[in-house]
Amino acid sequence: MALRLFDTYTRSLREFKPLQLPEVRLYTCGPTVYDYAHIGNLRTYIFEDILRRVLEFNNYPVRHVMNITDVGHLTSDADTGEDKMEKGSRRTGMTAWQLAEFYAQAFKQDLQRLNIQEPTLWCKATDHIAEQIAFIQCIEANGYTYRTFDGIYFDTSRLPNYGYMARLNIEGLQAGARVEMGEKRNSTDFALWKFSSPGERRQMEWSSPWGVGFPGWHIECSTMSAEYLGTFFDIHCGGEDHIAVHHTNEIAQTEACHGTRLANFWMHGYFLQLDEQKMAKSTGGFLRLQTLLDRGYDPLAYRMFALSAHYRAKLNFTWESLDGAATALNRLRTAIYEWGSPGDGPAGQVDTGYAQRFLEQVNDDLNMPRAMALVWDLVKSDLAPAVKRATVLYFDRVLGLSLAEWKPVAEALPPEVLALVSQRQQARKEKRYKDADALRMQVSAAGFEIEDTPQGPRVHQRK
RNA sequence: GGCGACGUGGCCAAGUGGUAAGGCAAGGGUCUGCAAAACCCUUAUACAUGGGUUCGAUUCCCAUCGUCGCCUCCA
């Protein structure tokens, strides 16, 4: 079963073939670390994680590089825009460098909680300033740059193919007249190097052949991907919002310097929406993974939720649907746990029929909704429990739900709750059911639920 | 203004030129002192609207309405 992936560049499904084994080379655009990631951001990283796992499921070793954008960029294209890192620095009292480190760590913690595999290599923009300068010099030597009062710009009119991937209608963009031009020659031109403003004291600035300043946003990805993966590698990923600007400009830079379109496949994850709206701080809806945890959700319930939609379709977040994912995940975990109980005989073999169908679904442009439907089909099948268990755990290499590790946890209970529970047991034993019910109410008021099982009462914190 | 996407039962969401996966919710049952959990069963005249093409459209085309995204830092 061939692996087929949707390539934004050609706007078509293409069979994936590695350019150069032994490794598949994958670059995924990472976060700008001036604030926490929200669950919309994280949806894209889950998509990329699934992609990587599917590649590995197809027995391709993957060299995966992710950048961390820790250089401050302007909040708008206008010269007056504020720098996000500098702004964040003022907001938090940390230096820009501390700020970057802090949010990078928070980001990595989110990935870990979601079972997202770490990239083979992390790279930071500020660790590659010299390389970025060299890259800009390469573009400059080939005649694609010009200088304005505030920076070195890329002249997009020199590139006949500019904007191909995004299918940009350049004239239409100009008709919009919503772009601050400054001294730019074309509305689509963008900064390669920005000068520090006269008199401004930036925390992050470097000297360059053109003057003191900092690199433009797009250059870091072209530079670092070339550095670690070569100038034409297998797959480059990011969010759908990157198609029109960021990735378009990465391609332009790389074409200007190396003559390649950077990656053989361009793949984009679509947005999570909150009440049919884009999730962004500016519109008020900003849910962090931690927000979900604070509400008592398992982080993997969010991963389960993300698996319910295709990566190339918008996904609408509601608490009701997250509840559904959480319930479904727990049912799946419980089933698998019970299939693995001692006394079920020898470890099962993976069922080849289901394995084949699963491969077909994930290889069909990562159709996780279909793959999950197959999982439920398997769960309800008549196969031996040990076989079901082995098969689902085999699928979990792609799903990443840590199904093998899960087991019911005994929660630590406050002593007073414990006392109430044991009093209730006593009351039940003596058939004083009214008292027992009253005690249940008290426990409930303390935020805990009692479940009576043949092994005795099980108490857990109410979500 | 330009470009693009989407509109499937209460919620989330697949999919196909021959009337539609899956999960959750809901209803009933088993179990339970009562519950919960679990398990079993069941349900719903669900494919935005109006045209067109076709033997036949939810699936193709056009229009309308609605929603959303990108064009500016953005997953």
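In this text, all values refer to a predicted model and were calculated from it rather than measured experimentally. Proteins come first, then strands; the chains are lettered A, B, ... in the order of their sequence lines, and each starts at number 1.
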Mind checking if [X] touches a base, just sugar-phosphate, or nothing, with heavy atoms under 4.0 Å?
X: A:Phe305; answer: sugar-phosphate
X: A:Thr44; answer: base
X: A:His310; answer: sugar-phosphate
X: A:Gly238; answer: sugar-phosphate
X: A:Leu168; answer: nothing
X: A:Ala313; answer: sugar-phosphate
X: A:Arg312; answer: nothing
X: A:His242; answer: sugar-phosphate

What about [X]: does its side chain form a donor-acceptor pair under 3.5 Å with the base of [N]?
X: A:Arg440; N: B:rA35; value: yes
X: A:Asp452; N: B:rC34; value: yes
X: A:Arg331; N: B:rG22; value: no

Let me know the distance between [atom1] of [X] and [atom2] of [N], rounded to the nearest Å.
X: A:Phe190; N: B:rC73; atom1: CZ; atom2: P; value: 12 Å
X: A:Met304; N: B:rA13; atom1: CE; atom2: C1'; value: 13 Å
X: A:Leu274; N: B:rC11; atom1: CG; atom2: P; value: 16 Å
X: A:Asp437; N: B:rU32; atom1: CG; atom2: C1'; value: 12 Å
X: A:Tyr270; N: B:rU67; atom1: OH; atom2: P; value: 22 Å
X: A:Asp241; N: B:rC71; atom1: CG; atom2: C1'; value: 12 Å
X: A:Tyr302; N: B:rC12; atom1: OH; atom2: P; value: 15 Å
X: A:His247; N: B:rG4; atom1: NE2; atom2: P; value: 20 Å

Testing the basics here: between [X] and [Y], what is the closest heavy-atom pair and its distance to 0.1 Å?
X: A:Asp7; Y: A:Arg14; answer: OD2-NH1, 2.9 Å
X: A:Leu13; Y: A:Arg4; answer: CD1-NH2, 3.4 Å
X: A:Tyr45; Y: A:Pro31; answer: OH-N, 3.3 Å
X: A:Ala96; Y: A:Gln203; answer: N-OE1, 2.6 Å
X: A:Met304; Y: A:Ala328; answer: CE-CB, 4.0 Å
X: A:Thr8; Y: A:Arg167; answer: O-NH1, 4.4 Å

For the rings on [X] and [Y], is their centre-to-centre separation under 6.0 Å?
X: A:Tyr36; Y: A:Tyr103; value: yes
X: A:Trp266; Y: A:Phe6; value: no
X: A:His247; Y: A:His236; value: yes
X: A:Phe154; Y: A:Tyr162; value: no
X: A:Phe305; Y: A:Phe317; value: yes

Contact list for RNA chain B against [range] - heavy-atom distance below 4.0 Å:
range: residues 104-126 of chain A; result: none
range: residues 157-167 of chain A; result: none
range: residues 354-382 of chain A; result: A:Asn367, A:Pro369, A:Arg370, A:Ala373, A:Trp376, A:Lys380

Task: Intra- and inter-strand pairs of RNA chain B in dot-bracket (Watson-Crick or G-U wobble, both distances under 3.5 Å; | for another strand) - done: (((((((..(((.........))).(((((.......))))).....(((((.......))))))))))))....
Task: RNA chain B: 5'-proximal contact among A:Glu240 and A:Arg11 (nearest heavy atom) - done: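 Its nucleotide being nearer the 5' end, the pick is A:Arg11.
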Open item on the list: Nearest heavy atom decides the nucleotide; on that basis, is A:Val245 or A:Gly239 closer to the 5' end of RNA chain B?
Closed with: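 By nearest-heavy-atom nucleotide position, the 5'-most residue is A:Val245.
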With [atom1] as the reference atom in both, quote the distance from [N] to [M] in angstrom, rounded to an integer.
N: B:rA44; M: B:rC55; atom1: C1'; result: 31 Å
N: B:rC71; M: B:rU64; atom1: P; result: 26 Å
N: B:rG29; M: B:rA35; atom1: P; result: 11 Å
N: B:rC70; M: B:rC11; atom1: P; result: 25 Å
N: B:rA46; M: B:rC62; atom1: P; result: 28 Å
N: B:rC60; M: B:rC6; atom1: P; result: 10 Å
N: B:rU43; M: B:rA48; atom1: C1'; result: 25 Å
N: B:rU67; M: B:rU49; atom1: C1'; result: 15 Å

- [ ] Show your working on salt bridge (charged side-chain N to carboxylate O under 4.0 Å, His left out) between A:Asp298 and A:Arg333 and close with a plain yes or no.
- [x] CA-CA 12 Å; A:Asp298 184 319; A:Arg333 285 165 159 172; 2.9 Å; yes
Task: Main-chain N/O of A:Arg440 paired with A:Arg424 side-chain donor or acceptor, under 3.5 Å - done: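 Here the side-chain-to-backbone pair does not exist.
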- [ ] Could you tell me whether a side-chain N or O of A:Gln105 sits under 3.5 Å from a main-chain N or O of A:Phe102, the two making a donor and an acceptor?
- [x]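 Not confirmed, A:Gln105 side chain does not pair with A:Phe102 backbone.
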- [ ] May I ask you to verify if any side-chain N or O of A:Asn41 is less than 4.0 angstrom from the OP1 or OP2 atom of B:rA75?
- [x]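 A:Asn41 to B:rA75 OP1/OP2: side-chain N or O found under 4.0 Å.
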TODO: Name the closest nucleotide to the A:Ala328 side chain, picking from B:rA13, B:rG23, B:rC34.
DONE: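 Nearest listed nucleotide: B:rG23.
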Task: Those residues that, when tested against A:Phe195, pass ring-ring contact (aromatic ring centres under 6.0 Å, His included) (two or more places apart) - done: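 Once residues adjacent in sequence are excluded, A:Phe195 has no partner under the ring-ring contact (aromatic ring centres under 6.0 Å, His included) criterion.
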- [ ] Apply ring-ring contact (aromatic ring centres under 6.0 Å, His included) to A:Tyr354 and list each qualifying residue two or more places apart in sequence or on a separate chain.
- [x]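 Residues passing ring-ring contact (aromatic ring centres under 6.0 Å, His included) with A:Tyr354: none at all.
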